[in-house]
2 protein chains.
Amino acid sequence: MKKIDILKKLRSSRLRPTKQRVEIAKFLFEREKTFHFTVESLNKLLTKKSTSKIALATIYNTVHAFKAAGHLSEVEVRGNKTYFDTNVSNHHHFYDSETAELIDIDANDIVIQKIPKAPNGKKIKNVEVFINLKN
Amino acid sequence: MKKIDILKKLRSSRLRPTKQRVEIAKFLFEREKTFHFTVESLNKLLTKKSTSKIALATIYNTVHAFKAAGHLSEVEVRGNKTYFDTNVSNHHHFYDSETAELIDIDANDIVIQKIPKAPNGKKIKNVEVFINLKN
DNA sequence: AGACTAGTTTATAATTATTCTAAAGTGAAA
DNA sequence: TTTCACTTTAGAATAATTATAAACTAGTCT
Ligand SMILES: [Mn+2]
Ligand SMILES: [Mn+2]
Ligand SMILES: [Zn+2]
Ligand SMILES: [Zn+2]
């Protein structure tokens, strides 16, 4: 994804392409593979990479704005930190608790044969599978 | 589960059956159905139910001790609070984000037909399925 | 360009969940 | 009963996140 696309991406979701947002968006979206991160880890990586430092509150704001715009998804894993995911399609995860690392599993690589019906008055929104790993 | 069993349960895991532990254990384990809770919700329910109040730190200590002893499991759900579960067998969950409620799904009620193999050098510890609900 | 304004960033304070500390209390072994 | 390792407790500390409010800025309007 090139810079012009980053600007389009931001503008199309009514997010002003500020210096900070562009820098964060480039870091997050200009890559081939899915990126899983916490606000803390993103902050560290951005600090290392760039000269201008972005306030932690801005990283929180930006990540939440990107999530609200559908550019990021939130992943639930064990622990008290919130994980985000640049892969916003329906997919699953390996979770390696040794390294606290997530690895994507394509939705097609897991086939569920039997599934219970939703409780009365409720519908199934989506199904998430976590495969916990050990050594 | 009767009181005598509670005492056995505690003693068998080398946990002294103190007044607080017995009270919490009775509240958690003397019930038919699975109970899902956070430390905060447990604290509120215990405060409402009982006359003697138990310190929050004790509830944290006790819940962690019960978990370490295998009497409780921890469930990962969206949100920043840790959820615990009196069902320690391998099972799955519905998650109702409207009510922040978990509902058990028996392991046999979900059959997975196709599953990817674990990354190199890793093994599959277990598979957890979350079925997110909507109205 | 210059002024305007709503949206944004930032440092800092506040909040929430959880863990730590260390002093007082207690179960149970001897 | 005495003893002591284990437990409880109030309160402090830490960690993650959100709120506040003042300063800044992108885009619009002349
Ligand atoms: Mn969580
Ligand atoms: Mn937290
Ligand atoms: Zn992912
Ligand atoms: Zn359960």
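All chains are named by letter (A, B, ...) in the order of the sequence lines, taking the proteins before the strands, and each is independently numbered beginning at 1.
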Rounded to whole angstroms, how far apart are [atom1] on [X] and [atom2] on [N]?
X	N	atom1	atom2	value
B:His64	C:dC20	NE2	P	10 Å
A:Asn80	D:dT17	CG	P	8 Å
A:Ile54	C:dA11	CD1	P	11 Å
B:Asn61	C:dT26	CG	C1'	15 Å
B:Arg14	D:dT7	CZ	P	11 Å
A:Asn43	C:dA11	CG	P	11 Å
B:Leu10	D:dT7	CG	C1'	13 Å
A:Glu74	D:dT18	CD	C1'	14 Å

Next on the checklist: Heavy atoms only, 4.0 Å cut-off, all strands: where does A:Thr82 land among base, sugar-phosphate and nothing?
Outcome noted: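 Touches sugar-phosphate only.
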Checklist entry - Looking at A:Gln20, does any N or O in its side chain come under 4.0 Å of the phosphate oxygens OP1/OP2 on D:dT25? => result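 Negative; the distance criterion is not met.
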Checklist entry - Between A:Tyr60 and D:dT18, is there a side-chain N or O to OP1/OP2 distance below 4.0 Å? => result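 Answer is no, no contact under 4.0 Å.
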Checklist entry - According to a 4.5 Å side-chain heavy-atom criterion applied to Ile, Leu, Val, Met, Phe, Trp and Tyr, with indirect links allowed, do B:Ile24 and B:Val39 form part of one hydrophobic cluster? => result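 Same hydrophobic cluster.
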Item to check | In one Ile/Leu/Val/Met/Phe/Trp/Tyr side-chain cluster, 4.5 Å: B:Leu10, B:Ile59 | outcome: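 Yes: a chain of side-chain contacts under 4.5 Å links B:Leu10 to B:Ile59.
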What nucleotide among [options] has an atom nearest to a side-chain atom of [X]?
X	options	answer
B:Lys53	C:dT18, D:dA10, D:dT7	D:dA10
A:Thr18	D:dA16, D:dT17, C:dT9	C:dT9
B:Ala57	C:dT9, C:dT18, C:dC20	C:dC20
B:Arg21	C:dT18, D:dT7, D:dT25	D:dT7
A:Thr58	C:dG7, D:dT8, C:dT10	C:dT10

Next on the checklist: Suppose we call two aromatic rings close when their centres sit under 6.0 Å apart. Are A:Phe66 and A:Phe29 close by that rule?
Outcome noted: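 Between A:Phe66 and A:Phe29, the centre distance is under 6.0 Å.
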Next on the checklist: Does either side chain, that of A:Asp109 or that of A:His92, offer a donor lying less than 3.5 Å from an acceptor on the other one?
Outcome noted: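 No, no side-chain donor-acceptor pair sits under 3.5 Å.
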Checklist entry - If we ignore angles and hydrogens, is there a donor and acceptor under 3.5 Å between the side chains of B:Asp85 and B:Asn87? => result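 B:Asp85 vs B:Asn87: no donor-acceptor pair found between side chains.
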